[in-house]
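What follows is a set of notes on a single structure, which appears directly below.
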Amino acid sequence: VTHTVTAAEVSAISTPITVTLPQSAISAAGEGAATITTTVTDSSGNVSPAITTNVTIDTVAPGTSPATPASVSVPEATNGISSSEASDGVEVLVTLPSDAVAGDVITVSIDGGTAVTHTVTAAEVSAISTPITVTLPQSAISAAGEGAATITTTVTDSSGNVSPAITTNVTIDTVAPGTSPATPASVSVPEATNGISSSEASDGVEVLVTLPSDAVAGDVITVSIDGG
C-alpha cells in the first residue's frame with residue numbers, strides 16, 4: 001500500500017499519517033506472527049532504511065472449529081431459581097473451549113444486565129475440562145425480575161476476538177406461594193378442636209389445607225408436628 005505525502009502533511013510533520021493495510025492483506029499474511037515493513041521513498045528513488053514492526057495476527061475467536069466450543073450449565077436453574085438460590089448468587093459453570101489460553105476472559109450476564117467477568121488462569125487451562133464457576137450476584141438476578149430470563153456467556157481472547165454467545169434459558173421464581181398480593185394458604189385441624197384423642201390419633205389426624213390463590217400444579221404441601 002502506498003501513500004503520497006502532501007504539502008499539508010509536511011507542514012504538520014509531527015502528526016502521524018494513517019496508511020491502512022486492507023483486510024485482504026491481513027488475510028493473505030495468515031494467522032500468527034507477521035512483520036509490517038515501512039519505507040519512505042523520495043522523488044529520486046532513494047529509499048529509507050526499512051522500519052519493521054512485528055505483529056501477531058489472531059482473528060479466530062475462542063472455540064471456533066476445529067476447536068471444541070465452551071459449554072455452560074446452571075445447576076441451580078434446573079427447577080427455577082428460587083429465593084434461597086438467588087440470595088447468595090447463582091453459579092454459572094463454564095467449561096472452557098479446547099483452545100483456551102491464560103488471559104482469556106469469560107463474560108456472563110443475565111437479560112443484558114451488568115456483566116460479570118473472570119480472567120482465565122494458567123492453572124484453569126491445565127485443568128481445561130473442569131468447569132469454572134462464575135457467580136451472578138443477587139443484584140443481577142433481582143434486576144432481571146421474575147419469570148423467564150436468559151443467561152449469556154462469551155469467551156474473549158487477548159486480541160479481542162469474542163466467541164459465539166452461549167445462551168441459557170432460565171426461570172426466576174423468588175416469590176413464595178401465598179405472598180401478597182396472592183391470598184395465603186389456610187389450615188384447619190377439625191380433630192384438634194377439643195384436643196386430639198386416642199381414637200382420633202389412632203388413624204392419623206387430618207390437616208385440611210386450603211391452597212394459596214397462586215398455587216400451581218407441582219407445588220408441594222409439607223406438614224409436620226413439633227419439627228418431626
Side-chain angles (χ1 to χ4, degrees), residues 1-5 9 12-41 47-75 77 89-137 140 143-144 149-170:
V1 178
T2 61
H3 173 84
T4 301
V5 177
E9 289 167 337
I13 202 163
S14 62
T15 301
I17 297 168
T18 299
V19 181
T20 302
L21 286 167
Q23 183 183 27
S24 58
I26 305 302
S27 297
E31 296 288 302
T35 301
I36 295 173
T37 302
T38 307
T39 61
V40 180
T41 304
V47 182
S48 70
I51 302 168
T52 56
T53 307
N54 295 321
V55 298
T56 300
I57 301 172
D58 175 10
T59 64
V60 179
T64 301
S65 182
T68 303
S71 61
V72 173
S73 65
V74 187
V90 173
E91 294 182 344
V92 178
L93 306 185
V94 181
T95 302
L96 292 172
S98 60
D99 58 353
V101 298
D104 286 354
V105 175
I106 300 168
T107 302
V108 179
S109 64
I110 185 167
D111 274 3
T114 301
V116 177
T117 61
H118 173 86
T119 301
V120 177
T121 67
E124 289 167 336
V125 172
S126 296
I128 202 163
S129 62
T130 302
I132 296 170
T133 299
V134 181
T135 302
L136 286 167
T150 301
I151 294 173
T152 303
T153 307
T154 59
V155 180
T156 305
D157 65 20
S158 59
S159 298
N161 299 303
V162 182
S163 70
I166 301 169
T167 55
T168 308
N169 295 321
V170 299

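Only a predicted model underlies this, so the values are computations on that prediction, with no experimental measurement involved.
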For [X], give me all partners under side chain to side chain contact (heavy atoms under 4.5 Å, CB included), at least two apart in sequence or on another chain.
{"X": "T150", "result": "D111, T152, T167, N169"}
{"X": "P75", "result": "S73, L93"}
{"X": "I36", "result": "L21, T38, T53, V55"}
{"X": "S65", "result": "none"}

Are the side chains of [X] and [Y] in touch, meaning some heavy atoms are under 4.5 Å apart?
{"X": "T154", "Y": "I166", "result": "no"}
{"X": "V74", "Y": "E91", "result": "no"}
{"X": "V1", "Y": "P22", "result": "yes"}

Next on the checklist: Would E31 and V60 count as a side chain to side chain contact (heavy atoms under 4.5 Å, CB included) here? Give the steps.
Outcome noted: CA-CA 8 Å; E31 296 288 302; V60 179; 3.7 Å; yes

Counterpart residues, side chain to side chain donor-acceptor pair (under 3.5 Å), relative to [X] (two or more places apart):
{"X": "N161", "answer": "D58, D157"}
{"X": "T121", "answer": "E124"}
{"X": "T114", "answer": "none"}

Could you tabulate the donor-acceptor pairs under 3.5 Å formed by side-chain atoms of residues 97-110, not counting sequence neighbours?
from: S98; atom 1: OG; to: T68; atom 2: N; distance (Å): 2.7
from: D99; atom 1: OD1; to: G63; atom 2: N; distance (Å): 2.9
from: D99; atom 1: OD2; to: G63; atom 2: N; distance (Å): 3.4
from: D104; atom 1: OD2; to: V101; atom 2: N; distance (Å): 3.1

Item to check | All pairs passing side-chain hydrogen bond (donor to acceptor under 3.5 Å, both in side chains) where residues 14-27 contributes a residue, at least two apart | outcome: none

